[in-house]
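Residue numbers run from 1 in the order of the sequence given. In what follows, every heavy atom counts, from backbone to side chain, and hydrogens, waters and symmetry copies are set aside.
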Amino acid sequence: MPLETNRQHVLAQIRTAEATAHRVSGSVQLIAVSKTFPANDIRTLYQHGQHDFGENYIQEWHDKTQTLADCPEIQWHIIGHVQSNKSRPVAEHAHWLHTLDRTKLAQRLSEQRPDNLPDLQVLIEINIANEAAKHGIAPEELLPLARTIGALPKLNLRGLMCVAQADADETKLRRQFSQMQDLLAELQTVAPQADTLSMGMSSDMAIAIECGATIVRVGSAIFGKRDYAK
């Protein structure tokens with residue numbers, strides 16, 4: 001599979017979306033979502049200059065960190081739900097967590113982050129479509145959680161993350177992503193360093209970029225269709 005060709009195609013789509021939205025070229029970062037794909041695929045893209053990878057499943061990801069220990073510039077982004085009892089590998093090996101959604105997890109990550117590592121960059125996950133099957137907090141819970149995180153050492157609250165409603169039309173997507181932009185502005189009243197909106201995937205990243213996304217998370221358009229049976 002021409003992984004680098006696929007990645008370049010996605011990057012071209014991102015640059016086009018930036019231009020259409022009158023945003024600075026290069027202002028949107030691509031995370032290659034590598035969950036369920038082998039470490040060798042990650043290594044191939046790493047050798048072409050892709051350093052940011054997103055993983056969902058803690059054990060699978062942790063195994064990959066061992067296999068790819070000789071790729072020192074990899075930035076690991078945990079983009080799946082993290083159970084409190086699986087917080088330690090995230091604290092000890094991840095660079096970013098996009099799905100922080102509760103005080104207990106924040107406290108454990110703060111306690112478990114090694115002193116010799118830089119602060120863990122964290123995003124609060126917002127359940128922007130209010131879907132029962134999705135994780136994340138309600139918008140009205142944002143500021144209390146943000147204040148709690150801001151008081152903890154070894155965590156740097158960088159912004160927000162969401163997964164938009166899968167079956168939403170463009171109008172509804174634009175409404176959800178625009179609300180995320182408003183929530184980031186609200187977050188900045190208590191966390192001035194917050195500068196990140198992680199939102200948008202293969203199918204909706206152009207609208208997300210139009211609405212202020214700074215990170216898009218793309219998997220299948222780069223790696224191909226996933227086989228969850230493996």
Side-chain angles (χ1 to χ4, degrees), residues 1 3 6-7 10 28-46 50-69 71 74-102 104-106 108-109 112-113 120-129 131-137 155 158-167 176 180 196-205 208 213-230:
M1 182 180 297
L3 293 174
N6 293 346
R7 185 180 78 101
V10 171
V28 178
Q29 181 184 18
L30 170 64
I31 293 179
V33 179
S34 46
K35 65 178 181 180
T36 78
F37 290 101
N40 282 344
D41 285 356
I42 297 174
R43 187 183 301 278
T44 295
L45 290 178
Y46 178 85
Q50 177 68 35
H51 291 164
D52 291 272
F53 294 91
E55 291 282 335
N56 286 55
Y57 309 119
I58 301 303
Q59 186 58 55
E60 174 198 335
W61 159 69
H62 191 251
D63 292 344
K64 289 176 182 177
T65 67
Q66 309 304 308
T67 303
L68 297 166
C71 300
I74 281 185
Q75 295 283 301
W76 292 113
H77 297 251
I78 303 304
I79 61 174
H81 180 70
V82 177
Q83 297 175 331
S84 295
N85 63 359
K86 294 185 178 179
S87 61
R88 185 171 293 279
V90 176
E92 293 180 345
H93 299 285
H95 301 89
W96 286 74
L97 173 65
H98 290 229
T99 54
L100 187 51
D101 61 358
R102 59 201 187 279
K104 179 181 179 181
L105 178 59
R108 288 176 66 90
L109 291 167
Q112 294 168 342
R113 187 69 169 175
L120 180 64
Q121 309 300 300
V122 299
L123 305 176
I124 293 175
E125 182 177 8
I126 304 292
N127 187 345
I128 199 62
E131 295 178 279
K134 286 182 179 174
H135 296 287
I137 64 169
L155 302 181
R158 289 291 301 277
L160 305 174
M161 177 268 207
C162 78
V163 178
Q165 187 175 334
D167 59 352
Q176 291 175 11
M180 289 293 296
T196 301
L197 273 179
S198 171
M199 60 186 194
M201 297 182 285
S202 299
S203 61
D204 56 17
M205 67 179 180
T214 63
I215 288 176
V216 293
R217 311 179 304 270
V218 178
S220 57
I222 297 174
F223 293 97
K225 186 177 180 180
R226 291 187 174 85
D227 182 359
Y228 287 101
K230 287 183 178 179

Might you work through the side-chain contact (heavy atoms from CB on, under 4.5 Å) test for I74 and I42, ending with a clear yes or no?
CA-CA 9 Å; I74 281 185; I42 297 174; 4.0 Å; yes

Minimum-distance pair of heavy atoms, taken over all atoms of S202 and V218
OG-CG1, 3.3 Å

N85: what forms a side-chain hydrogen bond (donor to acceptor under 3.5 Å, both in side chains) with it, not counting sequence neighbours?
none

Please report the shortest heavy-atom distance between I222 and R7, naming the atom on each side.
CG1-CA, 4.2 Å

Hey, can you tell me if F223 and F37 have their rings parallel, tilted or perpendicular (30° and 60° cut-offs)?
parallel

Can you name the one residue among Q176, M161, M180 that meets side-chain contact (heavy atoms from CB on, under 4.5 Å) with I126?
M180

Distance (rounded to the nearest 0.5 Å) between L97 CG and I124 CD1
10.5 Å

Answer whether the closest heavy-atom distance between the side chains of L109 and V82 falls below 4.5 Å.
no

Output for pair (L30 CG, R217 CZ), nearest 0.5 Å, gives 11.5 Å

Within this structure, what is the OH-NZ distance for the pair Y57 and K86, rounded to the nearest 0.5 Å?
11.0 Å

Any non-hydrogen side-chain atom of L155 less than 4.5 Å from a side-chain atom of R113?
no

Rounded distance (nearest 0.5 Å) linking atom CD1 of I78 with atom CZ of F53
13.0 Å

Would you say that H93 contacts W76 through its side chain, given a criterion of any heavy-atom pair below 4.5 Å between the two side chains?
no

Roughly how far, to the nearest 0.5 Å, is CE of M205 from CE of M199?
13.5 Å

Report the residues that fulfil side-chain hydrogen bond (donor to acceptor under 3.5 Å, both in side chains) with D52, sequence neighbours left out, ordered by chain and then residue number.
Q29, H77

Walk me through whether S87 and Q112 qualify under side-chain contact (heavy atoms from CB on, under 4.5 Å).
CA-CA 8 Å; S87 61; Q112 294 168 342; 2.7 Å; yes

Provide the closest heavy-atom pair for T67 versus A39 in the form atom of the first, atom of the second, distance.
CG2-CB, 3.8 Å

Enumerate the residue pairs fulfilling salt bridge (Lys or Arg N to Asp or Glu O under 4.0 Å) with a member in residues 92-101, sequence neighbours excluded, ordered by first and then second residue.
R88-E92

Scan side-chain atoms only and decide if N127 and E131 contain a donor-acceptor pair under the 3.5 Å cut-off.
no

Over all heavy atoms of both residues, which pair between I79 and T99 is shortest? Give the atoms and the distance, please.
O-CG2, 3.3 Å

Taking atom CH2 of W96 and atom OG1 of T196, what is their separation to the nearest 0.5 Å?
4.0 Å

Between S84 and R102, is any pair of side-chain heavy atoms under 4.5 Å apart?
yes

Have a look at Q121 and tell me which of R158, H98, Q75 forms a side-chain hydrogen bond (donor to acceptor under 3.5 Å, both in side chains) with it.
R158

